[in-house]
Amino acid sequence: MLSNDPDAEHSARIIRERAGDLGTPSFAIVLGSGLGAVADALTDAVAIPFGDLPGFPLPLVRGHAGRLVLGRLGGRDVAVMQGRAHYYEAGDVAAMKVPLRALAITGCPAMIFTNSAGSLRLEVGPGSLMMITDHINFAAANPLIGEPGEESFVDMTEAYDAELRARLRAAAGRLDIPLHEGVYAWFSGPSFETPAEIHAARTLGADAVGMSTVPEVLLARWLGLRIAALSIIANPAAGMAGKALTHETSVTEAARAADDLTRLLTTFLEDGAAA
Ligand code: HPA
């Protein structure tokens, strides 16, 4: 799965050339809307605009900067994607295939996805962090459709790596940051969900809803990467708080939690062995 993708190979080469010793990150971190400030915590940072990396997205959505930042966090080499491509932007569910593949080609073994999300649990309010334990694909789209070979039959039983989750839980405990855990339901967006959809999602076992991450997790598991994922709760989901939802709220509420997220990721990286 790593071979035969000229754009990914080209991008991986550029990453290695520009980042030098930092060009084989031990973790890649994908930042959701409003969470770009996490990248400011990196030391020795080298930033590469997505426009310089063939096949990387040129994000249109507010709250996404569109840079790959390589540097050090918690004593480890990391690559941070400040911005991502969403299915709802151009209807391409595999829009993150090249970036994730390029990072895998550099030798990066693990990824941490972050997103801003709506909460389906009233007790988990804006600014809370939720570690994703599993997901439900309500968008019913899959970036692996059309991929040749048996590898596309990816086992999703333990998609969210148990050991990485244990390490995140321990880091949160050490920092006294409440870390909720739950199931993330992916809706395509860009419209927010209806209250009936939220009721259905809650009834079917979801704890948070959002418009990203799931296609990336499918691609990353197909690429053989270990993964963890964190939702930053931006709002109670549709119909739960009697308020209209806006993208502005998603961005500003997520930004308020960026500091907690940075501390959590730093401690997680400090504490653990390489992925
Ligand atoms: N729904 C979907 N995506 C979101 C939400 C939401 O309520 N909040 C932030 N991203």
Side-chain angles (χ1 to χ4, degrees), residues 29-38 57 59-66 81-93 95-96 112-141 143 160 178-218 229-261:
I29 301 166
V30 179
L31 297 179
S33 306
L35 298 170
V38 174
L60 304 172
V61 175
R62 236 198 94 189
H64 291 279
M81 281 189 73
Q82 240 180 351
R84 56 153 56 95
H86 299 84
Y87 178 41
Y88 61 71
E89 284 167 76
D92 178 7
V93 68
M96 287 287 280
I112 302 172
F113 298 102
T114 67
N115 58 53
S116 95
S119 177
L120 304 192
R121 286 167 29 196
L122 277 176
E123 73 279 14
V124 181
S128 307
L129 300 186
M130 186 189 95
M131 178 164 70
I132 300 178
T133 56
D134 203 348
H135 73 231
I136 304 175
N137 182 347
F138 278 116
Y160 298 85
L179 183 62
H180 302 275
E181 301 190 23
V183 172
Y184 176 88
W186 178 42
F187 284 84
S188 74
S191 51
F192 285 101
E193 302 74 29
T194 64
E197 285 164 348
I198 291 304
H199 183 71
R202 202 170 56 213
T203 306
L204 292 172
D207 301 291
V209 283
M211 305 177 192
S212 69
T213 303
V214 167
E216 296 157 28
V217 167
L218 294 166
L230 295 161
S231 285
I232 286 68
I233 299 301
N235 54 274
M240 292 183 58
K243 274 209 276 192
L245 300 180
T246 64
H247 182 62
E248 170 95 39
T249 307
S250 305
V251 174
T252 50
E253 288 297 329
R256 284 205 307 151
D259 189 46
D260 275 353
L261 179 63

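Atoms within a ligand are numbered from 1 in the order they appear, just like the ligands themselves. In this chain, residues are counted from 1 in sequence order. Because the structure is predicted, anything quoted here is derived from the model rather than measured.
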**Q** Report yes if the side chains of S33 and H247 come closer than 4.5 Å at any heavy-atom pair, otherwise no.
**A** yes
**Q** Under 4.0 Å, heavy-atom basis, I'd like to know which part of N115 is in contact with ligand 1: side chain, backbone, both or neither.
**A** neither
**Q** If every non-hydrogen atom of A237 is compared with every non-hydrogen atom of L245, which pair is closest and at what distance?
**A** C-CD1, 4.4 Å
**Q** Please confirm whether the backbone N or O of V183 pairs with a side-chain atom of D207, one donor and one acceptor, at under 3.5 Å?
**A** yes
**Q** Going by the angle between their ring planes, with limits at 30° and 60°, are F138 and F187 parallel, tilted or perpendicular?
**A** parallel
**Q** Nearest to atom 7 (O) of ligand 1, what protein heavy atom do you find, and at what distance?
**A** N235 ND2, 2.9 Å
**Q** When you measure from atom 2 (C) of ligand 1 to every protein heavy atom, which one gives the shortest distance, and what is it?
**A** E193 OE2, 3.1 Å
**Q** Please list, in number order, the atoms of ligand 1 under 4.0 Å from a heavy atom of S116.
**A** 9 (C), 10 (N)
**Q** Say whether T249 and N235, considering side chains only, have a donor N or O and an acceptor N or O under 3.5 Å apart.
**A** no
**Q** Provide, to 0.1 Å, the distance between atom 3 (N) of ligand 1 and the closest protein heavy atom, together with that atom's residue and name.
**A** G210 CA, 3.4 Å
**Q** May I ask you to test the V30-M96 pair for a side-chain heavy-atom distance under 4.5 Å?
**A** yes
**Q** Have a look at ligand 1 and work out which part of S33, if any, has a heavy atom under 4.0 Å from it: side chain, backbone, both or neither.
**A** neither
**Q** Give the contacting part of F192 toward ligand 1: side chain, backbone, both or neither, where contact means a heavy-atom distance below 4.0 Å.
**A** side chain
**Q** Among protein heavy atoms, which lies nearest atom 5 (C) of ligand 1, and at what distance?
**A** G118 N, 3.4 Å
